[in-house]
Amino acid sequence: MSKPIGLTAAAVALAVPIALVLTGVGSGQASGKPSSPGARGHHSAHKAAATASVGLDDPAKKEIAMKLVSSAENSSLDWRAQFGYIEDIDDGRGYTGGIIGFCSGTGDMLDLVEYYTERKPDNVLAAYLPALREVDGGDSHDGLDPDFTEDWRRAASDKAFQDAQEHERDRVYFNPSVQRGKDDGIGALGQFIYYDAIVMHGPGDGADSFGGIRKTAMRNARTPAQGGDEATYLHAFLDARKKAMQTEEAHSDTSRVDTEQRKFLDEKNFALNPPLKWKVYGDPYAINS
């Protein structure tokens, strides 16, 4: 997962609960939180509608979300084939690996291997925990090379490691972003837009983290839960997301926003219903059912 260097999931968890981070400090101030009785009723109606509609946590919708992310991260819809993926993509975050792009330099790879080791102490990656703690926050491979990548691929055949990757994906990224989307009154498409953003930029309140992107969007548009228009708000969020991506060379290709998420939004497919057709990096993809 790509996120600002030094902002680890573990650090976020220690500093402030992720649920609070995702709300964005001050989001109910200048962003136009409803105060009148009519506005409060509108707010409640949007929250009720978001709760009643099929969210991204529906199994079929979640499968779509995993395929969409995999198309951007791995140029494949077969996200389950990515448990053993690992390489240094020269983005300053060390090794990137697994189904969500856990990074050795940002803490979430460390969290993953710690969780895996709790579940299965004699695993092949446990010996790398001291090195993963040392390289957290940078791009160093000290203590990992030369065998870490090979051992990662070996571990990927272990069902316990696969389960650990899915557990950490859901705990740190998927579940918080879906819940934040529901609280903001947005449907499955908006929840996916949140999820893809937190995968790349990480949780947190920095300007280029998920919380900062959301706050930027809320300065320009109200969420549906605040009485705003869903399409207007999501366009504002994607505008802010795109600017955050363009601050890093490794993320300067914004096609996952331009020819994927924005395309679905322009089609008003707020429920993220198939058939879906999109392009990432110029490559075409489709989910027909």
Side-chain angles (χ1 to χ4, degrees), residues 1-14 66 69-173 198-204 209 245 247-253 256 280-281 283:
M1 155 279 155
S2 299
K3 58 185 178 181
I5 297 172
L7 176 60
T8 69
V12 172
L14 288 171
M66 298 305 110
V69 169
S70 187
S71 73
E73 295 286 330
N74 304 104
S75 299
S76 169
L77 298 186
D78 188 3
W79 66 270
R80 290 180 178 83
Q82 311 309 323
F83 290 110
Y85 162 74
I86 187 162
E87 66 176 321
D88 190 327
I89 61 174
D90 295 321
D91 64 350
R93 296 173 173 85
Y95 282 120
T96 296
I99 58 172
I100 207 66
F102 301 98
C103 293
S104 61
T106 61
D108 55 353
M109 184 177 283
L110 170 60
D111 290 345
L112 167 63
V113 177
E114 286 180 335
Y115 178 77
Y116 178 35
T117 302
E118 288 173 6
R119 306 288 290 182
K120 188 175 181 177
D122 60 344
N123 74 79
V124 70
L125 297 179
Y128 294 100
L129 281 170
L132 286 170
R133 294 184 183 108
E134 286 297 319
V135 302
D136 184 18
D139 62 359
S140 173
H141 295 179
D142 288 351
L144 299 176
D145 289 343
D147 298 323
F148 180 66
T149 55
E150 180 180 349
D151 287 337
W152 178 281
R153 295 184 189 102
R154 286 175 57 199
S157 64
D158 182 1
K159 182 64 162 56
F161 187 48
Q162 296 174 12
D163 290 345
Q165 288 196 35
E166 293 202 51
H167 175 274
E168 288 299 285
R169 173 201 64 200
D170 290 350
R171 180 184 71 85
V172 181
Y173 306 111
I198 200 173
V199 164
M200 176 177 285
H201 303 279
S209 297
M245 291 176 68
T247 64
E248 290 189 80
E249 179 60 32
H251 297 149
S252 59
D253 186 306
R256 67 199 293 163
V280 182
Y281 311 126
D283 298 326

> For S140, what residues pass the side chain to side chain donor-acceptor pair (under 3.5 Å) criterion, not counting sequence neighbours?
Replying inline: D142
> Do the side chains of V69 and W79 get nearer than 4.5 Å, heavy atoms only?
Replying inline: no
> What pairs with D158 under salt bridge (Lys or Arg N to Asp or Glu O under 4.0 Å), at least two apart in sequence or on another chain?
Replying inline: K120
> Do F148 and R153 come within less than 4.5 Å of each other through their side chains, counting heavy atoms only?
Replying inline: no
> Are any side-chain N or O atoms of Y116 and backbone N or O atoms of A160, one a donor and one an acceptor, separated by less than 3.5 Å?
Replying inline: no
> Between I99 and Y85, is any pair of side-chain heavy atoms under 4.5 Å apart?
Replying inline: no
>> So M245 and S252, do their side chains get closer than 4.5 Å, heavy atoms only?
In response: no
>> Determine whether the aromatic ring centres of residues F161 and W152 are separated by less than 6.0 angstrom.
In response: yes
>> Restricting to side chain to side chain donor-acceptor pair (under 3.5 Å), what partner residues turn up for Y95, sequence neighbours left out?
In response: H141, D145
>> With a 3.5 Å distance limit and no angle check, can you tell me whether D136 reaches the backbone of G107 through a side-chain donor-acceptor pair?
In response: yes
> With sequence neighbours excluded, what pairs up with D163 under the salt bridge (Lys or Arg N to Asp or Glu O under 4.0 Å) test?
Replying inline: K159
> Is the shortest distance from a Lys or Arg side-chain nitrogen in R119 or E114 to a carboxylate oxygen in the other one below 4.0 Å?
Replying inline: no
> Taking C-beta and beyond as the side chain, do Q82 and S70 meet within less than 4.5 Å on heavy atoms?
Replying inline: yes
> For F83, which residues count as a ring-ring contact (aromatic ring centres under 6.0 Å, His included) partner, sequence neighbours excluded?
Replying inline: none
> Considering residues at least two apart in sequence or located in another chain, which fulfil the side chain to side chain donor-acceptor pair (under 3.5 Å) criterion with E166?
Replying inline: R169
> Looking at R154 and D151, does any basic side-chain N land under 4.0 Å from a carboxylate oxygen?
Replying inline: yes
